[in-house]
Protein chains: 2
Amino acid sequence: MQDAFIDALVQSAFQVTSVLTRIGAENDLSLTQLRVLGILRDRRPRVTELAAHLGLEKSSVSGLVDRAEQRGLMAREKNSEDRRAVDVFLTPAGRELAVRLFSEVRTALGPTLGALGTERQIRLIELLEPTLDV
Amino acid sequence: MQDAFIDALVQSAFQVTSVLTRIGAENDLSLTQLRVLGILRDRRPRVTELAAHLGLEKSSVSGLVDRAEQRGLMAREKNSEDRRAVDVFLTPAGRELAVRLFSEVRTALGPTLGALGTERQIRLIELLEPTLDV
DNA sequence: TATTGTTATACTCTATAACTATA
DNA sequence: TATAGTTATAGAGTATAACAATA
């Protein structure tokens, strides 16, 4: 029973991930780049904070931001209070892309799961909530 | 409302993925290698089938199996009916590792989610099931 | 001294294209 | 001809270690 529960959760995770990966790939973005786009929508973290969020080393994030910066999606700016730190944020182009892609995510996941019906959705959120404390 | 639902589902997916990635990394396995280990527990697919399952190109799977084979976790064997095809399966060592790691996954995800209580778990599976048709 | 970020290096993952063997 | 798999190649993602700038 416990096992069936965990399998269902893992399968559901792979399925959601696969949708996100596909939408990213269609726009030449890795899953990680897509995540960064999502994170930066309402934040302006320094490199170390971003790395902690993603569970990556800061050197890996340096590379990620390098490539996104070359594509004009993100930018860096020295933090004015601590001049060792570098803030990362979306350019207007990056923000546009983020908005568009997350609308695609809703479109892709919505119908599949919309079949649940609003009432079931509410119950699902209630059930998932305790698992969301990171 | 719909948005909150989708955010919860995506966050839950990232969280599950992060647990799987950590357990894999602690054993020098990528998330993909861990997935393959899981798939091969009860299957003996040919390379093309495995690629379809993972959503990867067959050349990528060739490399994955190469590296797992070098570590003694998987093995290849020519299919006797279609001699173009190659079956992939776990070695005894691979099977042992798979059993151990998936027990770790249950241990890691169980308590977090065990807090839900058995009754909520049953309801959650019922809710997730419609999303599991791949 | 400690922290922040970058760079150098090496390996894995992945896709595309070209190839071999079999159907 | 078409399909199954491998190999060659190239780029992204990642970690570790060494480094420069700032605290």
Side-chain angles (χ1 to χ4, degrees), chain A residues 14 17-18 20-40 44-89, chain B residues 14 17-18 20-40 43-71 73-89:
Chain A
F14 279 137
T17 301
S18 136
L20 297 175
T21 301
R22 175 179 60 72
I23 291 177
E26 287 168 0
N27 293 273
D28 287 310
L29 291 171
S30 70
L31 183 61
T32 305
Q33 295 278 11
L34 191 65
R35 276 188 82 185
V36 176
L37 232 47
I39 291 168
L40 295 187
R44 188 194 163 98
R46 48 178 71 183
V47 171
T48 299
E49 288 167 349
L50 190 51
H53 234 277
L54 296 165
L56 297 175
E57 289 300 314
K58 55 191 180 174
S59 61
S60 305
V61 173
S62 264
L64 283 169
V65 176
D66 278 350
R67 290 182 288 274
E69 200 170 20
Q70 279 169 7
R71 293 179 56 182
L73 302 175
M74 303 173 194
R76 292 165 156 107
E77 199 168 292
K78 280 215 161 168
N79 185 293
S80 50
E81 294 176 4
D82 182 342
R83 294 180 40 79
R84 293 172 303 181
V86 171
D87 297 330
V88 183
F89 53 95
Chain B
F14 279 138
T17 300
S18 136
L20 296 175
T21 301
R22 175 179 59 71
I23 290 176
E26 286 169 1
N27 293 273
D28 287 308
L29 292 171
S30 70
L31 183 59
T32 305
Q33 296 278 11
L34 192 65
R35 278 188 81 184
V36 176
L37 234 47
I39 291 169
L40 295 187
R43 261 162 292 198
R44 186 192 163 97
R46 47 178 72 182
V47 170
T48 299
E49 289 169 348
L50 190 51
H53 233 277
L54 295 166
L56 297 176
E57 289 300 316
K58 54 191 182 176
S59 61
S60 304
V61 173
S62 264
L64 283 168
V65 176
D66 279 350
R67 290 182 288 274
E69 200 170 19
Q70 280 169 7
R71 292 179 57 182
L73 300 176
M74 302 172 195
R76 290 165 157 106
E77 199 168 293
K78 280 215 161 167
N79 185 293
S80 50
E81 294 175 5
D82 183 341
R83 293 179 41 76
R84 294 172 302 181
V86 171
D87 297 331
V88 183
F89 54 95

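Since the structure is predicted, the reported quantities are computational estimates derived from the model, not experimental observations. Lettering of chains follows the sequences in order, A, B, ..., and the numbering in each one begins at 1.
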Exercise for review: Please check if atom CZ in B/Arg76 has more than 12 non-hydrogen atoms from other residues, nucleotides or ligands closer than 6.0 Å.
Suggested key: yes
Review point. C/dT14 C1' sits how many Å from B/Leu50 CG, rounded?
Key: 14 Å
Practice item. Indicate yes or no: at least one non-hydrogen side-chain atom of A/Leu64 is less than 4.5 angstrom from one of A/Leu56. Key: yes
Check your understanding: Can you tell me how far P of D/dG13 sits from CG of A/Leu54, to the nearest Å?
Key -> 12 Å
Review point. Closer than 4.0 Å, any side-chain N/O of B/Arg46 to the OP1 or OP2 of D/dT3?
Key: no
Practice item. Consider the side chain of A/Asp82, meaning its heavy atoms from C-beta on, and name the nucleotide among D/dT14, D/dG5, D/dA23 that approaches it most closely. Key: D/dA23
Review point. Expressed in angstrom and rounded to an integer, what is the separation of A/Glu69 atom CD from C/dG5 atom P?
Key: 14 Å
Study note, to complete from the structure: Which of C/dC13, D/dA15, D/dG13 is nearest the side chain of A/Leu56? It is D/dA15
**Study point:** A/Val86 and A/Arg46, any side-chain heavy atoms less than 4.5 Å apart
**Key:** no
Review point. How many Å lie between CG on A/Asp28 and C1' on D/dA10, as a whole number?
Key: 15 Å
**Study point:** From C/dG5, D/dG5, C/dA2, nucleotide with atom closest to A/Arg84 side chain
**Key:** C/dA2
**Study point:** side-chain N/O B/Arg67 vs C/dT12 OP1/OP2, d < 4.0 Å
**Key:** no
Exercise for review: Among the candidates D/dG5, C/dT4, D/dG13, find the nucleotide nearest to the side-chain atoms of A/Lys58.
Suggested key: C/dT4
**Study point:** Interatomic distance, A/Leu64 CG vs D/dG11 C1' [rounded to whole Å]
**Key:** 14 Å
Practice item. For A/Glu57 and D/dC19, give me the distance from atom CD to atom P, rounded to whole Å. Key: 18 Å
Practice item. Could you please name the option among C/dT7, D/dT16, D/dT22 that lies closest to any side-chain atom of A/Ser62? Key: C/dT7
Exercise for review: Select base, sugar-phosphate, or nothing to describe what B/Ser30 touches, counting heavy atoms under 4.0 Å on all strands.
Suggested key: sugar-phosphate
Exercise for review: Among the candidates C/dT3, C/dT6, D/dA8, find the nucleotide nearest to the side-chain atoms of B/Ser59.
Suggested key: D/dA8
Practice item. Rounded off to whole Å, could you give me the CG-to-C1' distance for the B/Leu31 and C/dC13 pair? Key: 12 Å
**Study point:** Under 4.0 angstrom between A/Thr48 side-chain N/O and C/dT3 OP1 or OP2
**Key:** no
Check your understanding: Among C/dT22, C/dT7, D/dA15, which is the nearest nucleotide to the side chain of B/Lys78?
Key -> C/dT22
Study note, to complete from the structure: What one should report as the nearest heavy-atom pair of B/Arg35 and B/His53 is NH2-O, 3.8 Å
Exercise for review: Take the protein atom CD of B/Glu49 and the nucleotide atom C1' of D/dT3, then report the distance between them rounded to whole Å.
Suggested key: 13 Å
Check your understanding: Between D/dG13, D/dT22, D/dA2, which one does the side chain of A/Arg83 approach most closely?
Key -> D/dT22
Check your understanding: Hey, does A/Leu34 have a side-chain heavy atom less than 4.5 Å from the side chain of A/Thr21?
Key -> no
Check your understanding: At under 4.0 Å between heavy atoms, what does B/Ser60 touch on the DNA or RNA strands: base, sugar-phosphate, or nothing?
Key -> base
**Study point:** B/Arg43/B/Glu49 salt bridge by N-O under 4.0 Å criterion
**Key:** no
